[in-house]
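What follows is one structure encoded as structure tokens, with my remarks underneath.
Convention: sequence-line order gives letters A, B, ...; per-chain numbering from 1. Since the structure is predicted, the reported quantities are computational estimates derived from the model, not experimental observations.
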Amino acid sequence: MKHYYIERLTFYSVVIRLNLQLYCRIKTMRYDFNTIEKKWQDYWASHQTFKAENNSEKPKYYVLDMFPYPSGAGLHVGHPLGYIASDIYARYKRHKGFNVLHPQGYDSFGLPAEQYAIQTGQHPAITTEENIKTYRRQLDQIGFSFDWSREVRTSDPSYYKWTQWIFIQLFESWYNNNTNKAEPVSSLIEQFQTSGNEHIDAACDEDTPLFSAKEWQDFSAVQKQEMLLKYRLTYLAETEVNWCPALGTVLANDEIVNGVSERGGHPVVRKKMTQWSMRISAYAERLIQGLDTIDWTDSLKETQRNWIGKSVGASVTFKVKGHDELIEVFTTRPDTIFGVSFMTLAPEHELVARITTAEQKEAVEAYVEATAKRSERDRMADVKTISGVFTGAYAEHPFTKELIPIWIGDYVLASYGTGAVMAVPCGDQRDYDFAKHFGIDIPNIFEGVDISEEAFADKEHTVIANSDFLNGLGYKKAVKRAIEQLEQIGQGKGKTNYRLRDAVFSRQRYWGEPFPVYYKEGMPQMIDAKHLPLTLPEVEKYLPTETGEPPLGNARVWAWDTETNTVVDNDLIDHKTIFPLELNTMPGWAGSSQYFNRYMDPHNTEEIFSKQAIDYWQQVDLYIGGSEHATGHLLYARFWEKFMFDRGYVPVDEFAKKLINQGMILGTSAFLYEVTLDGKSLNIFVSSDLIEGHEYIDSQHPKWSELIKLYEARGLKKEDYDNKSKIRLIHCDVSYVNSSDELDEEGFKKWRPEFKNADFITNSEGVFKVKRDVEKMSKSKYNVVNPDQICEQYGADSLRLYEMFLGPLEQYKPWNTAGISGVHSFLKKLWKLFMDDNGLKVNASEPNKDNLKTLHKTIKKVEEDIENFSFNTSVSTFMIAVNELTAQKCSSRAILEPLLVVISPYAPHIAEELWSQLGHKESIAYAAFPKFDEAHLVESTKTYPISFNGKMRFTLELSLDLSKEDIEAAVLSDDKTKAQLQGRTPKKVIVVPGKIVNIVG
RNA sequence: GCUGAAGUGGUGGAAUUGGUAGACACGUUGGACUUAAAAUCCAAUGGCCAUUAUGGCCGUGCGGGUUCAAGUCCCGCCUUCAGUACCA
């Protein structure tokens, strides 16, 4: 028995093997994308095909993607969109003879890994490593031409060593407003030493006192450090921050969306804390100016301009009556100074408590307290309510010396300008509303303008009146004059104000870069750069300590020994040689603000990058990424690059010459209509075509007889459900829905077992349909499409082509997997152009005129498309080319070989395979892009559209040699023209040679 | 409110400086091949009217305008999306 069994097995295995051999033979002739793609991905990896050299005869080109945060969910089809576009561009540039740098890495510090660590105890480094593996596998299978030998990870100590190094450089620098650049702190100390700080124009803290050289010399060491800290480009300061209790950390303004945290949507409150800050405000003007020198989209530049928020105007000081106090305000309309009828201070303004009169004390205090309690979000949500209190104090008008009541109101923000405004109700709608509400005077200082209904804010048509020396002047002249006069009496000057605030740089987090900082007598000290990196310590818990310190407070070994320059046990802190280390870590944007430069020389252990490398690569030539980073990463990175430029580390002060924002690929969500009663599920679902337009169940409706039967079967009475039973939408995983929107009931029930006994009411054809809607692709909406499955089923080349084919790169567009069959069958047709059942069918035959025309118009169009980033139209062009060449039965090597090079940036795997089938031993990646030859497109005739009164009626083929007159004669003598005219004489004939003929009759 | 982008078939989208609107696909319908299915191939496919056929009218968010000719330019609106918001 046993013997027989083995014999049978052997027999079968021989049969199977024979079949397999036959199958494989056929298979080599077919477009077997899975095998081909794996083969070439392995080839590229083992041959390091895309390794960029730091010295090359070729011109350089640097194509960069925004590196991903490796999240646990992996990639969905929306993620690679920008990577595919940049990869096409990078491959194209290689064909064009450039030495292309196209690196990739990971922005691997961040909140999600830490949140996961808090929940599970899993070290973030482990989670991160696992996620990176998944990302790498997914990226590899799409066939990107990344130079992986240059990979960086922000959480890698060999990388963050240089993030720490830059921090030290910033600490050792100050911003000189005279030279308009950052300079070493040593130059500042020299000036203090010789002449104090009175004559220094620097970006510094507002509360910096003036001191003389003598005073400086007399300062203690700690006092000197305190003073210097007010000038450093990164500094410690007590700042009001956005504190997120749920996340236990501080958030930057751009990490808050609609008053809640961007990640997780948790509430955010204002809180005072000592934090590291970055003096980005020093660069506000240069960040605006620099925008004119770079090729970024207008909308992105506009977003950055708005964020920086430059406004030009004047600062004016008002004396407070009866106090030795001054109120400084910022105004963009100094021309309206004679229209001031009150002043408003922010409730948080420091003068409020000092100037409030005894009578008003109670009301003012109550108001201040009430505002403090209201969260930022409440204040934002409630813009319409006007509130405020009179302080009882008066200011003196700088010119008229009239008394101006001082109010407080929450429409004035403490964080903008000086936190105080001179209110001109006739010229500003908010001041107007406030004045109306509290019955304050609204003097009119505009000539010929009615202000009985609303304020007049039109600068263009302003003519000033009732304003002494400003009478009769227009806006511009009045502003100039007002500033001159204010300067003369010493109560104001021209001033430019920026909305941009310094960036808080501390996070109360574990999974981030440690600061290279220890504290001696309470003052921060930098660890010498040669001892970096200061690596993250191990902790038992990733939560804040019991005393409320950041997670690093849990580290047992986290103190700095200045004798040995090593990290030692906390217990050893003696404040003589061993000092406590900083417990905060750096924010997410630290690691991403210089990574583009590190790619140029990623393994350098001596420097952040060599001079030779940065001089060669200079800056990113093309940067592709999402527009959501407009006011975060893209602003901070520009700031750091300018700083690095000032200090002589980089040769240019903008890091990315050109930037493109790719749009988002949206998911097509599926929804089920679920019937509910009193908010509870009735376990009944209704096909979407029965429901459209209804919110409640109505027993009168004939469509719902089946549903009504179900109600009755369940013993529900008509009066219980009629017009009460409501319909709601629930998300359904898109994998249980086919392309006709029909639901796989069994699959759905398995996925959501709580509905396993649910009733599904089908439409009149007996089919259950879901509702479709386009939304952001996300796990929680169950509309995610995984690229792994697409690659498996259609191949990476199909995925690449399809993502490009969907529409313009910058646009938002919905994903629809069904459509991929179009590009997939294009690839099969392409394959068939080269291969038939017997193998390669390409030969040395002479190409004919049509072949050449097809090839050259394709070369021309694709080249233009790539230069214009119009990748979608290229894919159509390929389809047209292959359709035409197939119809022409073209098998000429002279046509098909160059065609392959043109297609290869888009579909590199199939291009490589066919290229090697053509007998090439080297990769196609560096083959020269074919040269376009206009000669092949020259035509002798043109099919003219013949229009009558602008409407095209028919076409006529005419020689292009004909003159205008010849064309007119030829057209007019044509029978079809005569038929159109029916004997009438045309009034006019427009002939545009080579374009169109229009007959006006 | 302000700023920016965009409105074209059933769907995604083409249309270089004003010059044949709807390329290229998806989907749909019909056909070929097949025992059948898949795959592949062929044909039709903006709407309406008409037909024996070569036809006719309307049509790029809406209303005007410029022009021999407008999706494209100008004026006035509407809608959608994104960003931003008491910024003095």
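One interatomic measurement links the two molecules: OH of A:Y812 to P of B:C81, which rounds to 13 Å at whole-angstrom precision. Following rounding to the nearest Å, A:K951 (NZ) and B:G19 (P) show an atom-to-atom distance of 18 Å. Across the protein-nucleic acid pair, A:I996 atom CD1 and B:A21 atom C1' stand 12 Å apart, rounded to whole Å.
Among the atoms of the strands shown, only primed sugar atoms or phosphate atoms (P, OP1, OP2) are found under 4.0 Å from some heavy atom of A:V1000. When heavy atoms are screened at a 4.0 angstrom cut-off, A:Q429 is found touching no nucleic acid atom at all. Counting any heavy atom pair closer than 4.0 Å across all strands shown, A:S299 reaches sugar-phosphate atoms only and no base atom. No engagement by A:D431 is indicated, since no non-hydrogen atom pair under 4.0 Å with the nucleic acid exists. Note on A:S947: nothing from the nucleic acid sits closer than 4.0 angstrom, heavy atoms only. Note on A:K829: only backbone sugar-phosphate atoms sit closer than 4.0 angstrom, heavy atoms only; bases stay farther off. Counting any heavy atom pair closer than 4.0 Å across all strands shown, A:K995 reaches a base atom. Counting any heavy atom pair closer than 4.0 Å across all strands shown, A:D298 reaches no nucleic acid atom. At the heavy-atom level, A:T877 lies nowhere under 4.0 Å from the strands shown. Using a 4.0 Å heavy-atom distance criterion, A:K987 is classed as making no nucleic acid contact. Across all strands shown, A:K976 has no heavy atoms under 4.0 Å from either base or sugar-phosphate atoms. Among the protein residues, A:R953 comes within range of the sugar-phosphate backbone only, with heavy atoms under 4.0 Å from sugar or phosphate atoms but none that close to a base. Residue contacts for A:D428: at a heavy-atom cut-off of 4.0 Å it reaches no nucleic acid atom on any strand shown.
For the OP1/OP2 pair of B:A39 and a distance below 4.0 Å, the side-chain nitrogens and oxygens of A:K828 include no atom meeting the criterion. One finds a side-chain N or O of A:R499 lying less than 4.0 angstrom from the OP1 or OP2 phosphate oxygen of B:A85. Under 4.0 angstrom from either OP1 or OP2 of B:A5 there lies no side-chain N or O belonging to A:Q811. In this model, the phosphate group of B:G19 is not approached by any side-chain N or O of A:N998 to a distance below 4.0 Å at OP1 or OP2.
Between A:D292 and A:R305, at least one side-chain N (NZ, or NE/NH1/NH2) sits under 4.0 Å from a carboxylate O, which counts as a salt bridge.
The same atom, P, is picked in B:A25 and in B:U40; the two are 13 Å apart, to the nearest Å. With both ends at atom P, the span from B:G71 to B:G19 equals 9 Å, rounded to whole Å. Nucleotides B:U80 and B:A44 place their P atoms 40 Å apart, quoted to the nearest Å. The gap from the P atom of B:A6 to that of B:C24 amounts to 25 Å, rounded to the nearest Å. One C1' atom belongs to B:U60, the other to B:U72, and the distance between them is 10 Å to the nearest Å. Look at the C1' atom in both B:G59 and B:G9: the space between them is 10 Å, to the nearest Å. Nucleotides B:C73 and B:U16 are separated by 11 Å at their P atoms, to the nearest Å. For the P atom pair drawn from B:A37 and B:G31, the interatomic distance equals 12 Å after rounding to whole Å.
Annotation: cation-pi geometry satisfied between A:R499 and A:W307 (NZ/CZ under 6.0 angstrom from ring centroid, within 45° of ring axis).
The aromatic rings of A:F434 and A:F438 lie tilted to each other, with the angle between the two planes from 30° to 60°.
Annotated as anti: B:G12, whose O4'-C1'-N torsion sits more than 90° from 0.
Distances from the side chain of A:K813 to the nucleotides B:G19, B:U40, B:G12 place B:G12 closest.
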